[in-house]
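Numbers for residues simply follow the sequence, beginning at 1.
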Amino acid sequence: MRRHAPVPATLDDLARGNRRSIRGLARLGERYCQVAFGSRRTDMEDALGRERARLTRLLTGQGVEAMLAGLGPSMRWRPPVLEADYAPGRYEIHLQGRGLTLIPSYFGRFTPVVMADPSLPPVLVFPIQHEMPDAEPDDALPDLLGATRARVLRCIAATDGCTTSELARRTGASLSSASAHAQVLQRAGLITSTRHANMVIHQLTRLGGDLIHRRQ
């Protein structure tokens with residue numbers, strides 16, 4: 001950092017790798033996250049879950065090229081090159097057979113970011129598209145279906161589809177519980193469940209949509 005900007009001398013212990021200083025920084029970072037993001041954590045996880053589910057559907061349903069083409073307006077797939085609005089024309093990464101790790105970012109707003117060290121495994125952090133959530137109708141859905149099952153149905157409705165693992169993570173239910181709730185909703189005609197490779201993707205039916213959006 002000193003090559004680019006003045007750095008306080010109080011950070012010398014941290015720069016030298018002092019374990020006590022590093023642990024103190026870790027505790028400070030953890031506390032900051034609790035205070036700054038604690039109340040929005042569920043919203044953040046839901047938004048990231050929707051993006052991962054969307055890309056998973058593209059990958060399993062249409063292939064890797066469709067997924068790369070759907071990464072967002074700041075990136076363009078022009079085989080065999082993935083272009084990004086990041087230092088255009090001045091920065092290139094040649095994978096040379098290495099994999100590329102894609103990480104959706106809740107806080108990224110404009111352009112993707114890549115790891116600065118070219119010797120490390122290639123990583124691309126890209127901004128997700130933020131959507132304003134619709135106000136939930138004031139109805140008796142939890143009373144009708146049960147609180148967890150209603151939450152599962154709403155999670156599926158919030159995307160074009162959702163895997164069982166995503167349902168479990170976003171509702172706080174176990175994987176077996178999320179699967180059981182999805183099976184009940186599928187038998188009731190509120191969702192469809194389609195297997196893709198080793199995943200099951202759940203999508204809302206018209207009946208399920210009518211049930212969620214119908215105001216009492």
Step-by-step side-chain contact (heavy atoms from CB on, under 4.5 Å) determination, R154 to L141 = CA-CA 10 Å; R154 290 194 189 282; L141 191 61; 3.6 Å; yes
How long is the gap from OG1 on T101 to CG on L120, to the nearest 0.5 Å?
-> 11.0 Å
Nearest heavy-atom neighbours spanning P79 and E65 | CG-OE1, 3.9 Å
Heavy atoms, side chains only, cut-off 4.5 Å: are L204 and L153 in contact?
-> yes
Shortest non-hydrogen contact from C155 to L167?
-> CB-CD2, 3.8 Å
Distance-minimising heavy-atom pair for T164 and A178 | O-CB, 4.1 Å
Check whether more than 12 heavy atoms from other residues, nucleotides or ligands sit under 6.0 Å from atom CZ of R76, and answer yes or no.
-> yes
Can we say E30 and R27 salt-bridge, meaning some charged N sits less than 4.0 Å from an Asp/Glu carboxylate O?
-> no
Of all heavy-atom pairs between G108 and P127, which one has the smallest distance, and what is that distance?
-> O-CB, 3.1 Å
Could you check if a side-chain atom of L124 sits within less than 4.5 angstrom of a side-chain atom of L82, using non-hydrogen atoms only?
-> yes
Under 3.5 Å, side chain of R98 to main-chain N/O of L95, donor-acceptor pair present?
-> yes
Looking at residues at least two apart in the chain, or sitting in another chain, which of them share a salt bridge (charged side-chain N to carboxylate O under 4.0 Å, His left out) with R206?
-> none
Less than 4.5 Å apart, any side-chain heavy atom of V200 and any of T194?
-> no
Here the gap from Q203 atom CD to I156 atom CD1, rounded to the nearest 0.5 Å, amounts to 9.5 Å
Side-chain heavy atoms of R78 within contact of E83, under 4.5 Å = yes
Do any N or O atoms from the side chain of T205 and from the backbone of L190 form a donor-acceptor pair under 3.5 angstrom?
-> yes
Inspect the surroundings of CZ in R31 and state if more than 12 heavy atoms from other residues, nucleotides or ligands are less than 6.0 Å away.
-> no
Flag the pair F37 / F107 as yes when their ring centroid distance falls below 6.0 Å, and as no otherwise.
-> yes
From CA spacing to verdict: side-chain contact (heavy atoms from CB on, under 4.5 Å), V64, L59 | CA-CA 5 Å; V64 66; L59 178 63; 4.0 Å; yes
For G70, does its backbone N or O pair with a side-chain atom of R54 as donor and acceptor, under 3.5 Å?
-> yes
Answer with yes or no whether the side chains of S176 and S174 bring together a donor and an acceptor at under 3.5 Å.
-> yes
So which heavy atom on L207 is nearest to which on A188, and how close?
-> CD2-O, 3.9 Å
Which atoms form the tightest heavy-atom contact between A182 and I191, and what is the distance?
-> O-CD1, 3.4 Å
With a 4.5 Å limit on heavy-atom distance, are the side chains of M67 and L102 in contact?
-> yes
With P104, the side-chain contact (heavy atoms from CB on, under 4.5 Å) member among L55, I128, L71 | I128
